[in-house]
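Because the structure is a prediction, the values reported are computed rather than measured.
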Amino acid sequence: MDDFKLKNGSGRLCCGGCGRQNNKLNTYDWLADIPGNAEEQDMVEVQFKNTRKGYYKNSNGLHLEKGDIVAVEASPGHDIGTVTLTGRLVPLQMRKANMKPDAEIRRIYRKVKPVDMEKYEEAKSREHDTMIRSRKIAESLGLQMKIGDVEYQGDGNKAIFYYIADERVDFRQLIKVLAETFRVRIEMKQIGARQEAGRIGGIGPCGRELCCATWMTNFVSVSTSAARFQDISLNPQKLAGQCAKLKCCLNYEVDAYVECQKRLPSKEITLETLDNMYYYFKADILKGTITYSTDKSFLANEVTISARRAFEVLNMNKRGEKPEKLDDEFSGRESQRSKDLLEQESLTRFDKTKGGKNRKKKQKGQASQNNASAAPVEAGNGQTPDAPKEKENKGPQGRNNRPQRPKGNPAPAVPQAPAAENAGNAPQAKAGQEPRPNRNGRRNFRRNNEGNKRPERNTNTDVQA
């Protein structure tokens with residue numbers, strides 16, 4: 001036994017109580033530092049695969065410690081397991097496991113030898129292939145069952161098949177086929193959906209490892225009444241765990257909710273004031289507040305008051321008195337509460353900023369569309385459409401001060417008659433050739449009368465000409 005002396009020298013700290021084993025089956029030996037505990041080696045606790053434990057008699061007087069691998073008696077042959085507990089705590093654990101005094105207790109043969117470990121490793125290597133083949137055999141026989149795992153005995157003479165089934169299954173024919181196929185002795189053990197989920201393991205919706213895979217050994221039945229006491233929505237998708245059963249954690253806080261509900265008035269009680277009659281709508285059980293509504297079917301004129309205020313109004317109604325308002329006392333307390341100015345508790349705090357950005361983009365797009373539709377109308381009235389839009393172009397087009405040829409005047413190489421026709425048809429051509437706004441709402445190019453793309457320029461030269 002390893003001892004660690006404390007700094008003040010007043011005692012010692014024993015590390016023999018902890019052992020290397022599965023967390024779920026971990027048993028802290030709180031009697032490990034008692035003098036004479038290590039000498040008592042009569043009964044030993046041995047652990048096997050799939051949360052299977054057994055208690056064996058050390059008839060040969062072997063000196064065993066936690067973590068030793070031993071060969072124990074089995075039927076038939078022998079099995080290989082790991083010692084997880086020794087000393088005076090083993091009889092107490094046997095009593096906790098409800099083992100009968102007259103029950104037959106098997107014995108420990110020896111510590112394992114290299115030959116035993118070779119047989120053990122060979123048997124373990126066949127477990128996965130045996131499980132896959134057994135599933136196909138059960139499916140071919142039309143049995144409504146699922147074989148979850150297979151465990152071979154240490155000497156390979158026996159195999160335990162763990163299966164899940166909702167109803168009673170007649171697997172007598174299955175046992176015959178499995179015995180002929182694998183040439184071993186077959187034992188069938190039924191496990192529940194919770195044991196299967198604990199064997200596989202996983203992460204729960206809370207972000208932590210499943211309780212059934214870490215520390216839970218006894219599974220208590222869970223009913224929907226536990227959800228009703230806690231005012232949880234009866235949604236099967238949220239109440240069910242990975243085992244497709246109700247979550248075991250629903251029972252953790254039921255007692256606290258039941259105790260807090262005793263301090264609240266009944267749901268059938270109605271409160272009367274001078275103006276209206278209020279009906280129960282919902283309650284925050286842990287906070288001790290109740291929300292009342294003036295309508296039974298839906299929320300209307302909601303008023304949230306404390307349980308103390310509700311009992312005060314109830315006593316006033318029993319005396320024949322009616323208060324003016326229902327929330328006299330609670331309104332003053334609510335104003336004194338600190339508010340979450342940073343909105344750290346709001347689940348939609350990121351959606352608000354996102355919506356504001358989208359709203360600005362929509363407004364820019366609508367403004368550019370309105371400017372584009374107003375350009376042909378101004379051109380039809382004889383006004384130059386580029387003049388009022390000079391201020392909107394803030395890009396490199398607005399900084400270009402080179403003079404632009406007047407839109408209405410003909411080019412020098414073109415005769416006067418065709419130019420007049422073009423001038424008369426200018427509004428229609430420009431209306432059809434109106435440029436599309438880019439992503440920033442700016443117009444990069446416009447088409448002139450010759451059909452060429454030109455960047456927008458300052459049109460003040462037209463007025464000077």
Side-chain angles (χ1 to χ4, degrees), residues 1-75 77-117 119-121 124 151 153-155 195 198-199 208-209 211-220 252:
M1 185 183 299
D2 297 332
D3 296 337
F4 297 94
K5 292 185 178 180
L6 300 179
K7 292 183 178 180
N8 56 5
S10 60
R12 64 179 183 175
L13 181 65
C14 177
C15 66
C18 302
R20 296 179 298 175
Q21 54 180 325
N22 192 341
N23 292 332
K24 184 176 180 179
L25 301 179
N26 184 27
T27 302
Y28 179 76
D29 190 2
W30 48 277
L31 299 176
D33 56 346
I34 295 180
N37 181 70
E39 285 73 16
E40 295 190 11
Q41 300 279 342
D42 295 338
M43 301 300 299
V44 179
E45 182 186 74
V46 182
Q47 176 182 334
F48 304 94
K49 183 184 176 183
N50 285 336
T51 69
R52 184 168 62 94
K53 278 186 177 183
Y55 298 94
Y56 296 87
K57 182 181 294 186
N58 187 8
S59 58
N60 296 329
L62 301 174
H63 179 71
L64 301 176
E65 295 180 357
K66 293 181 180 180
D68 292 342
I69 302 177
V70 294
V72 299
E73 181 183 0
S75 59
H78 68 274
D79 202 353
I80 304 297
T82 305
V83 177
T84 56
L85 191 63
T86 59
R88 300 179 181 177
L89 191 61
V90 178
L92 301 179
Q93 290 293 110
M94 294 175 62
R95 188 184 306 174
K96 181 181 177 181
N98 296 326
M99 290 190 64
K100 297 180 180 179
D102 56 348
E104 182 183 359
I105 300 178
R106 297 173 180 175
R107 59 194 181 93
I108 297 177
Y109 287 147
R110 61 187 179 275
K111 291 186 178 181
V112 292
K113 299 179 180 179
V115 179
D116 299 331
M117 291 302 298
K119 292 182 179 180
Y120 177 75
E121 296 295 338
K124 292 299 177 183
E151 178 185 359
Q153 197 170 270
D155 55 359
Q195 286 88 347
R199 189 188 65 82
R208 303 185 63 179
E209 194 175 355
C211 298
C212 56
T214 52
W215 60 272
M216 288 188 67
T217 55
N218 298 326
F219 297 95
V220 183
Y252 293 170

Self-check item: Under 3.5 Å donor-acceptor, Asp79 side chain and Gln153 backbone
Solution: no
Quiz prompt | For Asp116, side-chain hydrogen bond (donor to acceptor under 3.5 Å, both in side chains) partners two or more places apart | solution =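 Testing Asp116 for side-chain hydrogen bond (donor to acceptor under 3.5 Å, both in side chains), a comparison that skips the adjacent residues, returns Arg110.
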Working to the nearest 0.5 Å, report the span between [atom1] of [X] and [atom2] of [Y].
X	Y	atom1	atom2	answer
Cys212	Arg199	SG	CZ	11.5 Å
Lys57	Met43	NZ	CE	7.0 Å
His63	Asn58	NE2	CG	10.5 Å
Ile105	Met99	CD1	CE	5.0 Å
Asp68	Leu62	CG	CG	9.5 Å
Lys119	Asp155	NZ	CG	7.0 Å

Would you name the heavy atoms of [X] and [Y] that are closest together and state the gap between them?
X	Y	value
Tyr55	Ala97	CE1-CB, 4.4 Å
Arg88	Pro35	NH2-O, 3.4 Å
Gly198	Ala213	O-CB, 3.5 Å
Ala74	Arg106	CA-NH1, 3.7 Å

Exercise. Please tell me if the side chains of Leu64 and Ile108 come closer than 4.5 Å, counting only heavy atoms from C-beta onward.
Key: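 Yes; the side chains approach each other to less than 4.5 Å.
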Self-check item: Note, Val44 side chain near Val90 side chain (heavy atom, < 4.5 Å)
Solution: no
Quiz item: How are the rings of Phe48 and Tyr56 set to each other: parallel, tilted or perpendicular (split at 30° and 60°)?
Solution: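 Ring orientation of Phe48 relative to Tyr56: perpendicular.
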Quiz prompt | Check against side chain to side chain contact (heavy atoms under 4.5 Å, CB included), Lys66 and Asp29 | solution = CA-CA 11 Å; Lys66 293 181 180 180; Asp29 190 2; 3.5 Å; yes
Quiz item: Is the closest side-chain donor-acceptor distance between Thr82 and Gln47 under 3.5 Å?
Solution: no
